[in-house]
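To start, the structure itself, in structure tokens.
When a residue number appears, it is its place in the shown sequence, counting from 1. The structure displayed is predicted, hence computed values, not measured ones. Any value given below was found using the heavy atoms of this structure, including those in side chains, with hydrogens, waters and symmetry copies removed.
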Amino acid sequence: MGSRTTSATFTPVSWDEKEVRATGGPRLARASVVNDYAGGIEAGGSACEYALVYVTEKTGVFSGMELLTGAVDGREGTFVIRQSGTFDEDGTIRCTFDVAPGSATGALTGLTGDGSYEVRHGEEKVAVTFTYTVD
């Protein structure tokens, strides 16, 4: 199968953030997050863990791993995406992600790909673009 691009949205369900350490400089936090995906990626109740670094009160960087169980364009299985991004003063979040190598199961076994999303403060649904192949 050649490379395909699909579009989806996710809706944040929950965000549980805890400060790990504050030293008077950058502040480190972690967040446990649940998202519901719809569209080209169908996955309810994802499990996501983020590490966040606040370089100011409202800006910083993050990385995370998100486990999705459901389907990509109708092919069912489970996979993990590795995320890396930034958050800005105005609340805009920019993120790129890729499939964690070897993490896909079921009809998604062999899945590789990457994607991105951008969230503006107050948006309830987040548009995601994902380009992938399945061996």
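Looking at Arg82 and Pro101, their side chains come closer than 4.5 Å, going by heavy atoms from C-beta outward. Contact annotation: the side chain of Phe130 approaches that of Val72 to within less than 4.5 Å [non-hydrogen atoms, C-beta and beyond].
Atom OH in Tyr132 sits 5.5 Å away from atom OG1 in Thr6 (nearest 0.5 Å). In this structure, CG in Asp16 is found 14.0 Å from OH in Tyr50, a value given to the nearest 0.5 Å.
For the pair Asp88 (side chain) and Asp90 (backbone), a donor-acceptor distance under 3.5 Å is absent. A donor-acceptor pair under 3.5 Å links the side-chain atoms of Thr105 to the main chain of Thr78, judged by distance alone. Under a 3.5 Å cut-off, the side chain of Asp36 and the backbone N or O of Gly45 do form a donor-acceptor pair.
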Practice problem: Go through the steps to decide whether Thr131 and Thr5 satisfy the test side-chain hydrogen bond (donor to acceptor under 3.5 Å, both in side chains), and finish with yes or no. | Solution: CA-CA 4 Å; Thr131 301; Thr5 299; 2.9 Å; yes

Quiz item: Do Tyr117 and Gln83 pass the side-chain hydrogen bond (donor to acceptor under 3.5 Å, both in side chains) test, and can you show the C-alpha distance, the side-chain angles, and the key distance before you say yes or no?
Solution: CA-CA 10 Å; Tyr117 63 83; Gln83 302 184 41; 2.8 Å; yes

Practice problem: Step by step, work out the side-chain contact (heavy atoms from CB on, under 4.5 Å) result for Glu42 and Glu76. | Solution: CA-CA 9 Å; Glu42 291 282 342; Glu76 293 188 13; over 6 Å; no

Exercise. Step by step, work out the side-chain contact (heavy atoms from CB on, under 4.5 Å) result for Glu49 and Met65.
Key: CA-CA 6 Å; Glu49 293 294 323; Met65 297 283 187; 5.6 Å; no

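Atom CZ of Arg94 has more than 12 neighbouring heavy atoms from other residues, nucleotides or ligands inside a 6.0 Å radius. Within 6.0 Å of the CZ atom in Arg27, the count of heavy atoms belonging to other residues, nucleotides or ligands exceeds 12.
Among all heavy-atom pairs drawn from Asn35 and Glu66, the shortest one is ND2-OE2, 2.9 Å. When all heavy atoms are compared, the tightest approach of Ala104 to Gly110 is CB-N, 4.3 Å. Closest approach of Tyr37 and Ile81 over heavy atoms only: OH-CD1, 4.1 Å. For the residue pair Glu118 and Arg120, the shortest heavy atom distance occurs at OE2-NH2, 2.8 Å. Looking at every heavy atom in both residues, Pro26 comes nearest to Val53 through CB-CG1, 3.9 Å. Across Glu124 and Thr11, no two heavy atoms sit closer than the pair O-CG2, 3.7 Å.
Partner Thr86 forms a side-chain contact (heavy atoms from CB on, under 4.5 Å) with one of Thr92, Ile93, Val61 and no other, that one being Val61.
Side chain to side chain, Thr129 and Ser116 fail the donor-acceptor criterion of an N or O pair below 3.5 Å.
By the 4.0 Å N-to-carboxylate-O rule, Asp73 lies too far from Arg75 to be salt-bridged with it.
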